[in-house]
Amino acid sequence: MATPPYTLSLHDSQTRRKQVFTPLDPENVRVYYCGPTVYDAVHIGNLRAMLSADILVRLLRALFPRVTFVRNITDVDDKITARARDNGEDIASLTARTTIAFHEDVAALGIQPPDIEPRATHHIDDMLAMIAQLIASGHAYEAEGHVLFAVDRCASYGALSGRSPDDLLAGARVEIAPYKRHPGDFVLWKPSSPEQPGWDSPYGRGRPGWHIECSAMSHRYLGESFDIHGGGDDLLFPHHENERAQSLCCNPGSSFARYWLHNAMLLSNGEKMSKSLGNFFTIREVLTRAPAEALRLLMLGAHYRSVLDFTWEKLEDAKRTLDRFYRALEKHPSVTPGAVDADFMSALCDDMNTPLALSCLHPLADAALAGDAQAAASLKASGAMIGLLGQSADDWFRAGSDDGAIDALIVQRAEAKKARDFALADSIRTDLAAQGIILEDTAQGTKWRRA
């Protein structure tokens with residue numbers, strides 16, 4: 001655990017202010033984040049919520065003895081059904097393939113896996129049990145094969161997003177259906193046609209609504225009340241508002257999530273990221289142009305509650321910053337992680353202020369470049385806190401290169417110099433420099449690194 005003692009403050013979306021974080025159980029902090037709907041490749045906009053959760057959980061684990069982190073997989077959804085139909089693919093095959101791809105993508109970014117990763121399709125019975133409770137308490141009703149949550153039966157509906165039910169309806173797309181008692185009532189269970197996924201239930205063969213899935217899974221693994229619920233701010237309404245309402249009505253006297261964290265959206269060149277605008281990038285597309293750590297650093301360069309604008313120029317800047325940090329560590333090849341810098345840790349504890357935390361790394365790099373091994377050890381430890389600087393400097397500078405081909409050219413250059421063919425030696429150096437490979441002649445021989 002981190003020393004000296006630090007006080008963690010987080011901005012709670014429900015109270016709309018920064019609060020000192022006090023867990024229900026200091027011996028086991030419990031966190032739930034909404035995971036992906038697995039029907040397509042993850043894009044870098046999706047990544048922001050995953051990365052915010054990763055920083056939060058890393059920080060909590062430095063401050064508390066145990067953290068239980070749950071992040072779900074939504075593997076039953078109408079988008080999944082539509083995509084499988086369009087692909088001529090079995091739904092189970094589609095969700096298995098895209099889940100594997102999701103795991104590979106987040107692992108490439110250094111995002112640590114959750115302690116528990118429940119799949120919605122494995123918790124249908126939990127959802128049906130909650131639905132039955134809501135019907136029995138008068139908070140839900142059956143109508144034409146559907147079960148709907150009655151928003152007017154929840155006195156605090158709208159408290160999370162800070163608006164009245166009428167205000168929420170004015171700004172939301174709601175399905176107009178004759179069987180609804182109130183236009184804002186939302187689906188807990190809906191009927192399935194023969195070609196749609198479905199499960200037997202007291203209400204007929206059907207499938208769950210999206211919101212009940214997360215309520216059931218968080219309840220199963222974290223209980224009626226837990227510490228933190230998070231996700232992108234696009235989930236604040238209706239998803240999180242509806243989750244909160246049905247969970248509180250199902251478990252009177254509980255608090256459900258005590259703190260709500262929401263990250264802001266990701267833009268691309270100043271515009272909302274979308275396929276129609278041609279500014280939509282998958283993680284895999286980005287990683288063909290830059291190392292994963294550079295994308296991670298770019299994302300951490302903006303506060304999680306601030307809108308982040310992704311550009312290729314910013315990605316190149318992030319790569320250059322990491323080059324500088326790794327050059328500082330290169331001067332201390334045997335250094336091991338030391339103590340996390342106190343100013344760096346204080347910045348993280350101030351509502352996960354990653355831009356301020358990153359600014360603390362530059363003086364450490366300056367000192368390490370000047371020969372301070374203790375600063376290098378602190379730089380390495382502080383970087384590790386946020387998933388950076390985890391590889392050796394040699395590996396960083398050689399990433400993406402054909403080591404064998406470069407080594408062969410270095411040998412050829414040495415032979416040319418020995419034969420006093422300096423024109424060839426210079427030509428080899430120039431050709432390698434054009435590929436971003438920098439040669440450094442030392443007493444121990446020629447070394448190389450990427451520019």
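Computed from a predicted model, the values in this text were never measured in an experiment.
When all heavy atoms of T336 and A377 are compared, the closest pair comes out as O-CB, 3.3 Å. Pairing each heavy atom of S378 with each of L364, the nearest pair is OG-CD1, 3.8 Å. Residues S215 and S247 share a closest heavy-atom pair of OG-OG, 2.8 Å.
Two residues are said to be in side-chain contact when any heavy atoms from C-beta on lie closer than 4.5 Å; H239 and D234 fail this criterion. With contacts defined as side-chain heavy-atom distances shorter than 4.5 Å, the pair Q14/Y259 does not qualify. Within the 4.5 Å cutoff, no side-chain heavy atoms of S392 are placed close to those of P333. Counting only heavy atoms from C-beta outward, the side chains of L361 and L379 approach each other to under 4.5 Å. Considering only heavy atoms from C-beta on, H240 comes within 4.5 Å of L160 through its side chain. Side-chain contact check for D40 versus T98: every heavy-atom pair is 4.5 Å or farther apart. V286 has its side chain within reach of L315: a pair of non-hydrogen atoms, C-beta onward, lies under 4.5 Å apart.
No more than 12 heavy atoms of other residues, nucleotides or ligands sit less than 6.0 Å from atom CZ of R66.
With salt bridges taken as basic N to acidic carboxylate O contacts below 4.0 Å, none links K18 and D351.
Ring orientation note: the planes of F149 and H139 are close to parallel, at an angle under 30° on the 30°/60° scale.
Applying the salt bridge (Lys or Arg N to Asp or Glu O under 4.0 Å) rule to pairs touching residues 203-224 yields D78-R207, D126-R220, sequence neighbours excluded.
When only modelled atom types and interatomic distance are considered, S156 and R244 share a side-chain donor-acceptor pair under 3.5 Å.
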Worked verdict on H11 versus H262 for side chain to side chain contact (heavy atoms under 4.5 Å, CB included): CA-CA 9 Å; H11 186 276; H262 289 94; over 6 Å; no
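Under the 6.0 Å distance and 45° angle rule, R181 counts as a cation-pi partner of Y141.
For Y221, the ring pair (Phe, Tyr, Trp, His ring centres under 6.0 Å) partners two or more places apart in sequence, or in a different chain, are H123.
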